[in-house]
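Order of the sequence lines sets the chain letters (A, B, ...), proteins ahead of strands, with each chain counted from 1. Predicted model only: the values in this text are computed from it and were never measured.
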Amino acid sequence: MYAFEIERPKSLADAVAAIGAEEAQFLGGGQTLIPTLKQRLAAPSKLVSLSGIAELKGLRMDDAGRVCIGGGTTHATVAREAAAHYPALAALAAHIGDPAVRNRGTIGGSLANNDPSACYPAAVLASNATIVTSNREIAADDYFEGMFTTALEDGEIVTEVRFPIPQAANYQKFAQPASRFALVGVFVAKYADGVRVAITGASEQGVFRWSEAEAALSKSFDAAAIKGLAADADGLIGDMHGTPAYRAHLIGVLTGRAVTAAAG
Amino acid sequence: MPKDHGIGASSKRREDIRFLTGTGNYTDDINLRGQAHVVFVRSQVAHGRLNKVDTRDAEKMPGVIRVFTAKDFEGVGGIPCGWQITDRAGKPMLEPKHPVLAEG
Amino acid sequence: MTKVTMIVNGKSVSAETEGRTLLVQYLREGLGLTGTHVGCDTSQCGACVVHVNGEAVKSCTMFAAEAEGAEVTTIEGMANPDGSLSVIQQAFQDHHGLQCGFCTPGMVMSAAALLKDNPRPTEAEVRAYLEGNICRCTGYHNIVKAIMAASGQDVAIAAE
C-alpha cells in the first residue's frame, strides 16, 4: 500500500467536511477498498473512514412501511435485523462473502462501489429502492450507471437505503466458488403494480433489469411464464468462469428458480 | 471403536498446546534485530519460457540489499537421486534439473 | 503517524501507527502478538480472524486506526485465566482439529464467534460458518467435530 492519512469522524457532517482534499476517499467497511489499496490500484492521500459514525448504522421502518437501512450498516446486521421485514433481502445479505467479511462490509460501501458482480445492487434495483445520500434522494433506476459507476458525485455519502417491501421476493445467486461473488445473481420482487427482475454478475454494464421477464411475470407470476424466454447474451461478461452465452442461460434458469421460490 | 488406552490408542499431540494458544513460532513470527527480508519473484504466467532477467530497476529500489538470480548459484543445486534406474534399452534415466533459481 | 489506543485481551495498549497500518500488523509487529497469522493477506483464508467488539473480523482487511477504542480479542486471549485451554481449544486438541497449526488461531476465533451467537449449531451451520477459514492440512472434518464437541453435542465417531 502507498502511504495515506486516515481520519475517523464521528458525525456525517464531519465526514463531509473531511473529504475536502483532492485525493481523499471514503472508506466504508473496506472489504473491497483495502484489497484494492494493497494491489496499489488506488492511491488516495487520505481516507475518511465512515465506520465510527453511529447515525449511519442500523435499520428502521418509515411511515410508508419501507425498511430503511443506514449506509454504514454491515451485511451481518442486515441479515439479522431485516429478516422479520424483508426476508429475501436478509437472505441475500447472509450470503455475501463469509461471516467475518459480513461483519465489516456495509450496504453503503457496496452500493458506492457498484461492483458488477455484487449482490446488493440486484436487491436495490429489483425493489426500486431509494438511495438517500448526504445531498439528495436517488431512485434505484437512476443510480446505477455502469460497471463501478454510479450517480454519486465526489464527496457524496450513501446515508440510507429505503426498500419498499414486496408481496413476494427471492434472490438466487450462482456463486463463483472462490470469491463468493455472483457469477450471475437474480433478484425477483413482486409488487402490487408489477414484477421487477434485476440481474447482477452478468453484464459488462453492471446490474440491469430484464424487462421481457418483468412483462411476462407481471401477467403471470409463475416460472412457466418465462419458459422459452432467453436473455440476450450480447454485452454480457465473458471470462474464465463463463461465456456470455453461459451467463445468459443462467439468467433464465435462476429467474425461474427465484420465481418458484418466491411464489412458494 | 477407537481405543482410549494401551497399544493402538491415539495419543494427544504435545505440540497442540502452543498452536492453540498462539505461541507457535513460525518463520513469519521470527523478527530479529537487523533481520533482512526476502521476496521471491515468481512466474506471472502458468507456462512460459524465461528469456532474460532484468534486475536493474529492482536494484535501484530503496532498501534493497541484494538481488539474486540464477547466476549467483552456478554449480549449486540439483537433487541427487539415490537410486538411478535405466530404461529398457539400458540408457540411464533422465534427471531433471533442479536449479535454485530459474535460469534465463 | 497517529497514536492508536485499544484494549487487546483485556489490556489497554497504544502504539504509533501509520494510516495504512493494518490491525494485524499492529497486533503482530506492534504488540508482538504473533499468534494471529497472515496467511493470504487477501481476506480469503481467515488465519487472521480476531474479535473486534465481540465480532469476528479479518484483521488483514481492517486498519488499526479503525479499532481505536475497541475491545480486541486474539488467540492469545482465549485460554482460561489460569492458563489452561478453554473448552474450544481443548476440543480442538481432543478431536485432532489441527496439524501444522497455522490456520488454528483463525479457526478457534471463528468457532468462538459462532458459538457465542449460536451455542448449539448443526453440523451444516458449523461448516457454513467456516467458509471463510481455509485449512490446508487436515481437512475440515475434525475441526467441525471439535466445534460440535465444544458446543456440548455428541460427536459421531463412525469416521474414525
Side-chain angles (χ1 to χ4, degrees), chain A residues 1-10 21 23-25 27-40 42-54 57 72 74-77 79-80 94-106 109 175-181, chain C residues 1-2 4-6 17-26 38 40-70 106-107 109-118 121 125-134:
Chain A
M1 268 180 281
Y2 295 111
F4 50 81
E5 286 174 61
I6 191 162
E7 239 180 276
R8 197 158 176 258
K10 293 269 180 271
E23 300 296 325
Q25 198 171 346
L27 170 69
Q31 302 304 287
T32 299
L33 182 53
I34 295 175
T36 307
L37 292 165
K38 286 182 182 180
Q39 297 278 337
R40 295 188 167 179
S45 61
K46 178 164 91 173
L47 286 185
V48 178
S49 164
L50 303 177
S51 67
I53 305 175
K57 294 180 189 179
T74 62
H75 310 326
T77 303
R80 214 166 36 236
H95 290 93
I96 298 173
D98 61 52
V101 168
R102 293 195 285 274
N103 281 335
R104 291 296 302 165
T106 65
Q176 203 271 84
S179 71
R180 312 285 180 203
F181 273 94
Chain C
M1 300 288 272
T2 328
V4 173
T5 304
M6 63 186 88
T17 64
E18 284 189 272
R20 61 181 167 176
T21 303
L22 297 164
L23 178 57
V24 72
Q25 291 174 310
Y26 183 93
V38 182
C40 68
D41 205 17
T42 56
S43 59
Q44 309 280 322
C45 81
C48 67
V49 170
V50 301
H51 297 179
V52 175
N53 293 328
E55 289 185 332
V57 304
K58 292 186 165 170
S59 61
C60 80
T61 310
M62 174 173 179
F63 293 116
E66 290 194 285
E68 168 73 41
M107 290 289 178
M109 298 314 288
S110 282
L114 167 67
L115 296 184
K116 185 166 71 76
D117 290 343
N118 185 358
E125 285 171 337
V126 173
R127 288 182 186 276
Y129 198 86
L130 294 181
E131 69 179 339
N133 290 82
I134 293 173

Tell me, please, which residues at least two apart from A/His75 pass ring-ring contact (aromatic ring centres under 6.0 Å, His included).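 Here the qualifying residues are A/Tyr120.
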Given A/Met1, A/Glu5, A/Lys38, the one that forms side-chain contact (heavy atoms from CB on, under 4.5 Å) with C/Arg20: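 Result for side-chain contact (heavy atoms from CB on, under 4.5 Å) with C/Arg20: A/Met1.
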For A/Ala178, is it the side chain, the backbone, both, or neither that has a heavy atom closer than 4.5 Å to a heavy atom of chain C?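 When you check distances to chain C, only backbone atoms of A/Ala178 fall under 4.5 Å.
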Does any backbone or side-chain atom of A/Leu33 lie under 4.5 Å from a heavy atom of chain C? Answer side chain, backbone, both or neither.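 It is neither, since no heavy atom gets under 4.5 Å.
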What pairs of residues pass the side chain to side chain donor-acceptor pair (under 3.5 Å) test when at least one of them lies in residues 61-70 of chain C, not counting sequence neighbours?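 For residues 61-70 of chain C: A/Ser49-C/Glu66, A/Ser51-C/Glu66, A/Arg104-C/Glu66.
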Give, as side chain, backbone, both or neither, the part of [X] having an atom under 4.5 angstrom from any heavy atom of chain A.
X	answer
C/Asp117	neither
C/Met109	neither
C/Leu22	side chain

To the nearest 0.5 Å, what is the distance between [atom1] ([X]) and [atom2] ([Y])?
X	Y	atom1	atom2	answer
C/Glu55	A/Thr77	CD	OG1	6.5 Å
A/Ile34	C/Ser43	CD1	OG	8.5 Å
C/Asn133	A/Asp98	CG	CG	7.5 Å

Among A/Glu7, A/Lys46, A/Arg8, A/Gln31, which has the most heavy-atom pairs under 4.5 Å with chain C?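 The answer is A/Arg8.
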A/Pro99 vs C/Glu131 side-chain heavy atoms within contact, under 4.5 Å: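 Side chain of A/Pro99 against side chain of C/Glu131, heavy atoms only: contact under 4.5 Å found.
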